[in-house]
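Read the numbers this way: they start at 1 and go in the same order the structure lists the ligands and their atoms. Bear in mind that the values here come from a model prediction, so they are computed numbers and not experimental data.
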Amino acid sequence: MRSPALLAACCASSALLVAATLAAPPAPSAVKLLYPLAGTVRKPGPVRVLLAAPKGAPMPSAAWDGKPLRLSRMAFDPAWTAPTPLQRTSDLLGDRSAMDLWLAAPVAAAGKHTLQAAGRSLALTVNAAAAKGLALAVAHPKPASATCSGCHTVTQGLLGDAGTPGACAGCHDDAAVQTIHKHVTEPLRRCAMCHDPHEAARPNLLCATKEKLCSRCHALGHSKG
Ligand code: HEC
Ligand code: HEC
Ligand code: HEC
Ligand code: HEC
């Protein structure tokens with residue numbers, strides 16, 4: 001830690017410039033809302049809010065039930081160069097190396113809540129069970145999901161990859177994966193092709209319908225799905 005005096009001395013000359021360039025939060029259109037998923041019901045408890053904004057930009061504005069939400073920044077590890085098989089997030093993020101992540105976990109009691117972020121207003125219903133017309137969003141069970149390092153490499157606070165099946169194998173070994181899926185395991189190694197381990201609005205953390213997932217490799221009507 002540098003002392004305040006040292007900081008003041010070294011930064012005084014650039015303070016004005018810093019204030020001018022860092023004052024405004026990024027434009028809402030430059031911010032991506034990764035989680036929570038829209039139009040879902042979730043169980044009472046912490047709600048994972050995950051935004052991405054241009055690298056180096058100040059905290060994007062976000063509000064939970066009308067009150068400003070304090071987000072903490074997490075940068076991507078530049079060593080994470082492998083493409084992610086998580087289609088939805090990679091489509092949203094684009095070039096990961098140009099983004100920072102912003103996290104919060106407001107605790108939600110049963111009832112209706114709103115999240116304003118990335119120029120959107122998201123209505124979230126918190127309830128013990130699914131409501132009419134709304135899917136129940138589920139997260140991966142703890143302890144794996146308690147921290148990002150449950151699956152990702154986290155080095156000096158930088159989020160690195162969660163290469164599968166390695167990130168999962170400690171708990172879901174080959175034999176278990178084989179039993180669960182009743183499928184040759186080799187083509188299933190990229191778990192995030194079908195599962196979103198962060199949150200999903202389908203049972204078994206599936207990111208799409210089975211038809212869609214299986215038809216990537218199998219002609220429809222010819223698989224056991
Ligand atoms: C239960 C396992 C698991 C946990 C816990 C987890 N992740 Fe992930 N995450 C994955 C997997 C698997 C991928 C996709 C595989 C990969 O690309 O390495 C992924 C990919 C991502 C991506 C997508 C990056 C891209 O380029 O598309 C982001 C962003 C992300 N995780 C953020 C987080 C953050 C932040 C946390 C902690 C709050 C977290 N994850 C916790 C498993 C997990
Ligand atoms: C620290 C151990 C641990 C790690 C690491 C882990 N899991 Fe899990 N996972 C569990 C436990 C425990 C359950 C609940 C029992 C079960 O279904 O096997 C679970 C459940 C699941 C489920 C079912 C969820 C549901 O809704 O029923 C999926 C899908 C899953 N894990 C995928 C993954 C993937 C993909 C990874 C790697 C990116 C991963 N897990 C990493 C322990 C872990
Ligand atoms: C091709 C899509 C696909 C891939 C890839 C895939 N899964 Fe699954 N997984 C499913 C489906 C579909 C289910 C629901 C069970 C079923 O209908 O077969 C499931 C269920 C699960 C469950 C829940 C089992 C239970 O009954 O609680 C776990 C855990 C799981 N998968 C882990 C993994 C892991 C770990 C990987 C990577 C090694 C993986 N899956 C790769 C499609 C996939
Ligand atoms: C990443 C590609 C891929 C995905 C996605 C995939 N499979 Fe497969 N599947 C394969 C491969 C490769 C084989 C082995 C093919 C062979 O030996 O003929 C196979 C074999 C099978 C078989 C045995 C086929 C046979 O002719 O004996 C069934 C049944 C099957 N898959 C069902 C599914 C279902 C259901 C899903 C969705 C949950 C799915 N597969 C998703 C690649 C995939």
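For ligand 1 and C151, the ligand atoms under 4.0 Å from any heavy atom of the residue are 1 (C), 2 (C), 3 (C), 4 (C), 5 (C), 42 (C), 43 (C). Close approach of ligand 1 to L93 (heavy-atom distance below 4.0 Å) involves ligand atoms 24 (C), 25 (C), 26 (O), 27 (O). If you number the atoms of ligand 2 from 1 as listed, the ones under 4.0 Å from a heavy atom of N204 come out as 25 (C), 26 (O), 27 (O), 29 (C). Ligand-side atoms of ligand 1 in range of L86: 19 (C), 20 (C), range being under 4.0 angstrom from any heavy atom. Every atom of ligand 1 with a heavy atom of S90 under 4.0 Å away is listed here by number and element: 27 (O). Contact atoms of ligand 2 toward G150: 5 (C) (distance under 4.0 Å to a heavy atom of the residue). Close approach to H172 involves these atoms of ligand 2, each under 4.0 Å from a residue heavy atom: 6 (C), 7 (N), 8 (Fe), 9 (N), 10 (C), 18 (O), 19 (C), 20 (C), 21 (C), 30 (C), 31 (N), 32 (C), 33 (C), 39 (C), 40 (N), 41 (C), 42 (C), 43 (C). Counting the atoms of ligand 1 from 1 in the order shown, those under 4.0 Å from a heavy atom of T89 are 23 (C), 27 (O). Close contacts between ligand 1 and A144 involve ligand atoms 5 (C) [criterion: under 4.0 Å to a heavy atom]. Counting the atoms of ligand 1 from 1 in the order shown, those under 4.0 Å from a heavy atom of R48 are 38 (C). Atoms of ligand 2 lying under 4.0 Å from any heavy atom of C191, numbered from 1 in the order shown and given with element: 35 (C).
When only interatomic distances are considered, the shortest N/O to N/O separation between T164 and ligand 1 does not fall below 3.5 Å. Not one N or O of T147 is nearer than 3.5 Å to an N or O of ligand 1, by distance alone. The shortest N or O to N or O distance between S145 and ligand 1 is not below 3.5 Å. The distance criterion of under 3.5 Å between nitrogen or oxygen atoms is not met by D161 with respect to ligand 1.
Angle NE2 (H181) to atom 8 (Fe) of ligand 3 to NE2 (H195): 180°, rounded to 10°.
Of the heavy atoms in L206, only side-chain atoms (C-beta onward) come closer than 4.0 Å to ligand 3. The part of L103 lying near ligand 1 is the side chain, judged by heavy-atom distances below 4.0 Å. Under 4.0 Å from ligand 3, not a single heavy atom of K182 appears. Of all the heavy atoms of T84, the ones lying under 4.0 Å from any atom of ligand 1 are found in both the backbone and the side chain.
Within the 4.5 Å cutoff, the side chain of L101 has no heavy atoms near those of the R73 side chain. With contacts defined as side-chain heavy-atom distances shorter than 4.5 Å, the pair E199/P36 qualifies. Put simply, the side chain of L115 does not reach to within 4.5 Å of the side chain of P106, judged on heavy atoms. Within the 4.5 Å cutoff, side-chain heavy atoms of V47 are placed close to those of L124. Proximity of M59 to S72: side-chain heavy atoms (C-beta onward) are nowhere separated by under 4.5 Å. Residues H183 and V177 fail the side-chain proximity criterion, which asks for heavy atoms closer than 4.5 Å. Proximity of L206 to H195: side-chain heavy atoms (C-beta onward) are separated by under 4.5 Å at one or more points. In this structure, L33 and L122 have side chains that are in contact, with non-hydrogen atoms separated by less than 4.5 Å.
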Go through the steps for K32 and T89 under the test side chain to side chain contact (heavy atoms under 4.5 Å, CB included), then give the verdict. CA-CA 9 Å; K32 311 293 171 197; T89 52; over 6 Å; no

How far apart are the C-alpha atoms of Y35 and D196, what are their side-chain angles, what is the distance that settles it, and do they pass the side chain to side chain contact (heavy atoms under 4.5 Å, CB included) test? CA-CA 11 Å; Y35 301 94; D196 186 336; 2.6 Å; yes

Give the intermediate values and the outcome of side chain to side chain contact (heavy atoms under 4.5 Å, CB included) for residues H198 and H140. CA-CA 6 Å; H198 306 111; H140 186 280; over 6 Å; no

Does the side chain to side chain contact (heavy atoms under 4.5 Å, CB included) test come out yes or no for H152 and D161, once each step is laid out? CA-CA 5 Å; H152 290 263; D161 76 1; 5.7 Å; no

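In this comparison of C194, A169, P165, the heavy atom closest to atom 43 (C) of ligand 3 sits on C194. Taking only non-hydrogen atoms, the option from D174, I180, V177 nearest to atom 20 (C) of ligand 3 is I180. Counting heavy atoms only, C168 comes closest to atom 34 (C) of ligand 2 of the residues A167, G163, A162, C168. Taking all heavy atoms of R190, H152, Q87 into account, the minimum distance to atom 8 (Fe) of ligand 1 is reached by H152.
The minimum heavy-atom distance between L213 and A208, with the atom names listed, is CD1-O, 3.5 Å. Of all non-hydrogen atoms in P78 and L158, the two that sit nearest each other are CD-CD1, 4.0 Å. Scanning both residues, L205 and P197, for their nearest heavy atoms gives CD1-CA, 4.4 Å.
Distances shorter than 4.0 angstrom occur between a heavy atom of P141 and an atom of ligand 2. Ligand 2 lies out of reach of G170, whose nearest heavy atom is not under 4.0 Å from it.
Of the protein's non-hydrogen atoms, the one nearest atom 1 (C) of ligand 2 is C171 SG, 2.8 Å. In terms of protein heavy-atom proximity, atom 42 (C) of ligand 1 is nearest to P197 CG, 3.6 Å. Scanning the protein heavy atoms around atom 24 (C) of ligand 1, the nearest turns out to be W80 CH2, 3.5 Å. In terms of protein heavy-atom proximity, atom 22 (C) of ligand 2 is closest to L205 CD1, 4.2 Å. Annotation: atom 36 (C) of ligand 1 to nearest protein heavy atom, C148 SG, 2.8 Å. Nearest protein neighbour of atom 32 (C) of ligand 1, counting heavy atoms only, is L159 CD2, 3.5 Å. Looking at atom 30 (C) of ligand 1, its nearest protein heavy atom turns out to be H198 NE2, 3.6 Å. Among all non-hydrogen protein atoms, the one lying nearest atom 26 (O) of ligand 1 is R96 NE, 2.7 Å.
For atom 17 (O) of ligand 2, no protein non-hydrogen atom is found at a distance below 4.0 Å. Counting protein heavy atoms under 4.0 angstrom from atom 12 (C) of ligand 2 gives zero.
At least one N, O or S atom of H140 sits under 2.8 Å from atom 8 (Fe) of ligand 2.
A side-chain donor from one of S97 and D95 sits under 3.5 Å from a side-chain acceptor of the other.
Tested against K43 for a side-chain contact (heavy atoms from CB on, under 4.5 Å), the candidates L136, V126, N127, V138 yield a single pass: L136.
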